[in-house]
There are 2 protein chains.
Amino acid sequence: MSDEAPLAFARHDHSHCAADTLARAEAEAARLGLRLTPVRRRVLEILLEAHRAMGAYEVLDRLAAEGFGNQPPVAYRALEFLVENGLAHRLRRLNAFAACMHPGEDHAPVFLICRVCDAVAEAPGAPVRAALDHAAADLGFAVERVNIEAVGLCPVCARGEAA
Amino acid sequence: MSDEAPLAFARHDHSHCAADTLARAEAEAARLGLRLTPVRRRVLEILLEAHRAMGAYEVLDRLAAEGFGNQPPVAYRALEFLVENGLAHRLRRLNAFAACMHPGEDHAPVFLICRVCDAVAEAPGAPVRAALDHAAADLGFAVERVNIEAVGLCPVCARGEAA
DNA sequence: ACATGGGCGTTACCTTATAACAATTCGCTT
DNA sequence: AAGCGAATTGTTATAAGGTAACGCCCATGT
Ligand SMILES: [Zn+2]
Ligand SMILES: [Zn+2]
Ligand SMILES: [Zn+2]
Ligand SMILES: [Zn+2]
């Protein structure tokens, strides 16, 4: 159902990519009995427009331009809803949010953030998470929530820098 | 020279712990030819007072009370200096800073943050980092900087919750 | 019809962070 | 010892990120 490798850094038909991910998010929302209201759905669509993270205020500007509320809570509430229900992720390093590319899949994402083109990829992080759990267990620490984010160069931009 | 297991969650002689870590930080600063000025040194001491993270404004209040500047850049610059030179760490999840407990050791820290008592431990994260590098390499992504932070329950507070 | 609760819009405010400039101090050369 | 450029500090001002609290509306169930 889902791609094995993230497409974020590869050229691909993104309109298909976004539509497909939105469809999977809608299916997941239905399965969980969530109310994907117009604002929430629109925010998810906006996040899906690119493999980038967006700040809450950037999202808010878009909403306001489309006739939704124009105050911060409007954006923050929709974003929080999406994050809480696994349809989006929060990138603490960027104070920003990105659509989840694997809705409903129970994944342990590692975020790879390109410092040149700002692309964000959600890499499979099960082994990373396992190593983390092990390190925590050694200290008797019970992990509940995790943020694993890496900043660096994506393959495309790496070629550019080499020049 | 350094402890194998972090003490953060264990009862220990913290005044000795802090003094020792400060001494190692000073040695490292000397080795690198860094200028550990009064503000910078004081900020490090403040961070070392507890195994907690402190917000920049909390640090600033302390500085101001002691006759240093009372404007945000004073705190942010000192904190940035400490972070850049490996004497402190920034916890993006908390918008806060903590003293490095292993200055000069070239460690790959994983931060364990207790949501009850706010204690922060710096766990050895070499295996986690290795797993992350591997995941990134699969995508051709060159990792430069990393944030690995976990929120959960420290062993002490876990006993409390069980009751 | 009516009560209930969730979601949305708004006001108001708080916290976190940075840009830019001036005055000073430091480390070094002459 | 004087002088110079670079680094550091203090200050002003403002940008960016985030939340509390209130009331209205609408969907749902009785
Ligand atoms: Zn795509
Ligand atoms: Zn995801
Ligand atoms: Zn200690
Ligand atoms: Zn450290």
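In this structure His14(A) satisfies the ring-ring contact (aromatic ring centres under 6.0 Å, His included) test together with His12(A), His51(A), sequence neighbours excluded. For Glu66(B), the side-chain hydrogen bond (donor to acceptor under 3.5 Å, both in side chains) partners two or more places apart in sequence, or in a different chain, are Arg42(B). The salt bridge (Lys or Arg N to Asp or Glu O under 4.0 Å) test applied to Glu58(A) returns Arg52(A), not counting sequence neighbours. Listed by chain and number, the residues in a side-chain hydrogen bond (donor to acceptor under 3.5 Å, both in side chains) with Asp13(A) are Ser15(A) (sequence neighbours excluded). Remark: Arg31(A) pairs with Glu28(A) by the side-chain hydrogen bond (donor to acceptor under 3.5 Å, both in side chains) rule, at least two apart or across chains. Remark: Arg62(B) engages Glu49(B) in a salt bridge (Lys or Arg N to Asp or Glu O under 4.0 Å) (not counting sequence neighbours).
Counting Ile, Leu, Val, Met, Phe, Trp and Tyr side chains that sit under 4.5 Å apart, directly or through other members, Val116(A) shares a hydrophobic cluster with Leu153(A). Under a 4.5 Å side-chain heavy-atom cut-off, the cluster of Ile, Leu, Val, Met, Phe, Trp and Tyr residues that includes Val156(A) has no other member.
Using a 4.0 Å heavy-atom distance criterion, Arg92(B) is classed as making no nucleic acid contact.
Spacing between atom CZ of Arg42(A) and atom C1' of dC8(C) amounts to 17 Å, rounded to whole angstrom units. To the nearest angstrom, C1' of dG7(C) lies 15 Å from CG of Leu79(A).
Where DNA chain D meets chain A (any atom under 4.0 Å from a heavy atom), the bounding nucleotides read 5' to 3' are dG17(D) to dA21(D).
For the segment residues 30-39 of chain A, residues with any heavy atom less than 4.0 angstrom from an atom of DNA chain C are, sorted by number, Arg35(A), Thr37(A), Val39(A).
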(message) At under 4.0 Å between heavy atoms, how does the protein contact nucleotides 16-21 of chain C? Give one character per nucleotide, 5' to 3', with B, S or -.
(response) BBBBB-

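Counting heavy atoms from C-beta outward, Leu36(B) and Phe81(B) have side chains that approach closer than 4.5 Å.
Identified under the salt bridge (charged side-chain N to carboxylate O under 4.0 Å, His left out) test for residues 112-138 of chain B, with sequence neighbours left out: Glu144(A)-Arg115(B), Arg115(B)-Glu161(B), Arg129(B)-Asp133(B).
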